[in-house]
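Proteins get letters first, then strands, A, B, ... in listed order; numbering begins at 1 in each. Hydrogens, waters and symmetry mates are skipped; everything else that's a heavy atom, side chains included, is used.
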There are 2 protein chains.
Amino acid sequence: MFRVSRRVDYGLRLLIALAVDQNSGSQATSRLAARLDIPLAFLHQIGRSLIQAGILRSSPGPGGGLRLSRSPEEITLLQVLETLDGPVRISACLDQPNCDEDPDLPSAETWADIQQSLIGELNKINLTSLVDKAKYKSAVYTPVPGYTPVSKSIAI
Amino acid sequence: MFRVSRRVDYGLRLLIALAVDQNSGSQATSRLAARLDIPLAFLHQIGRSLIQAGILRSSPGPGGGLRLSRSPEEITLLQVLETLDGPVRISACLDQPNCDEDPDLPSAETWADIQQSLIGELNKINLTSLVDKAKYKSAVYTPVPGYTPVSKSIAI
DNA sequence: CCTATTTTTGATAGCTTTACTCGAATATTG
DNA sequence: CAATATTCGAGTAAAGCTATCAAAAATAGG
């Protein structure tokens, strides 16, 4: 329950990776997929959604790939979640119009409260803070700027 | 996404109904099902889980039915959720043992934070407060002469 | 223009979860 | 015993999630 889909999980990996190497321009999905262990075709699908939401930009052709379309500070966790998994609706009842009017369903208001609180929290978290945690975590193996040979398994 | 199952939705309706009429003893599932608009067989299944979790008690035979096994104050939303939908795991990654050790998955720690915060909120809400909201709500629908309902929710 | 590279799009298949349903068994009251 | 209720194990249809595939379109460099 309350499970975030793998789509979002992958999407966040992708966004974090792009944010970390933001100054190295566009990155090809094929490389990203290998590095982040995401099925390539699935990454394409996810990327498309993020592009349509205005979070990513893409350029085809050689040297092309994906890049962030705005600053990491302006990308919130909530935006990513809603883009990839649809709107947050903590109870199935909440998107039915008569939900709040039926006195036999007294839990609706509670769900609405919890949902609002959750949305607030999710909106406070932006990509920058996610990247900070990622950097802290991977401080040991931080890649050197420049060309990185394909080493999919950089284990600590 | 973040959707609570219908199981939980039904379960809460059931618990609230039982809490409201707590002093009228056991209530037959057949009547509860009709009143709360829950498929009878499904209510049985849900009731069983709640009984196994020690939240409900039951007695078969004529005059039997379901009743709360503890005070509504001691029943939290988190308990109900975990009983009916399994443990809260906001990201699928979080119940895999190697999840936190893989440096390519930097979002794990963030999910853990959010999850913890959500769990805290859910644990603060008990059945009593849910019943209060239900009562307030039905008061609106059963207007008393001279009483003007307020639009916004009021913490009782 | 040509070609290699890379994204874009639409369709679809397999798996898992959800939301139930069913039939038979078991316990209780009177 | 008979009527009333819950209990248990299993099963099923539909929906949603997680990809996968083939073909198309766009772009850079020569």
Among all residues two or more places apart in sequence or in another chain, which pass the side-chain contact (heavy atoms from CB on, under 4.5 Å) test with [X]?
X: A:Ala28; answer: A:Ser30
X: B:Gln27; answer: B:Leu18, B:Asp21, B:Ser24, B:Leu32, B:Arg35
X: B:Asp37; answer: B:Arg13

Taking the side chain from A:Asn126 and the backbone from A:Ser129, do they hold a donor-acceptor pair closer than 3.5 Å? yes

Whole Å only: how far is the [atom1] atom of [X] from the [atom2] atom of [N]?
X: B:Phe42; N: C:dT21; atom1: CZ; atom2: P; value: 9 Å
X: B:Arg3; N: C:dT17; atom1: CZ; atom2: C1'; value: 10 Å
X: A:Arg6; N: C:dT16; atom1: CZ; atom2: P; value: 11 Å
X: A:Arg7; N: D:dT20; atom1: CZ; atom2: P; value: 13 Å
X: A:Asp85; N: D:dA19; atom1: CG; atom2: C1'; value: 15 Å
X: B:Leu43; N: C:dA19; atom1: CG; atom2: C1'; value: 14 Å
X: A:Asp9; N: D:dC17; atom1: CG; atom2: C1'; value: 14 Å
X: B:Ile38; N: C:dC20; atom1: CD1; atom2: P; value: 10 Å

Contacts of B:Ser117 that satisfy side chain to side chain donor-acceptor pair (under 3.5 Å) - sequence neighbours left out: A:Glu121

Any B:Tyr10 side-chain nitrogen or oxygen under 4.0 Å from OP1 or OP2 of C:dC20: yes

Hey, can you pull the donor-acceptor pairs under 3.5 Å for the side chains in residues 41-66 of chain A, sequence neighbours left out?
from    : atom 1 : to      : atom 2 : distance (Å)
A:His44 : NE2    : A:Thr29 : OG1    : 3.0
A:Gln45 : OE1    : A:Arg7  : NH2    : 3.4
A:Ser49 : OG     : A:Gln45 : O      : 3.4

What one-letter contact string describes nucleotides 5-12 of chain D from 5' to 3', where B marks a base within less than 4.0 Å of any protein heavy atom, S marks contact via sugar-phosphate atoms alone, and - marks no contact? SSBBBB--

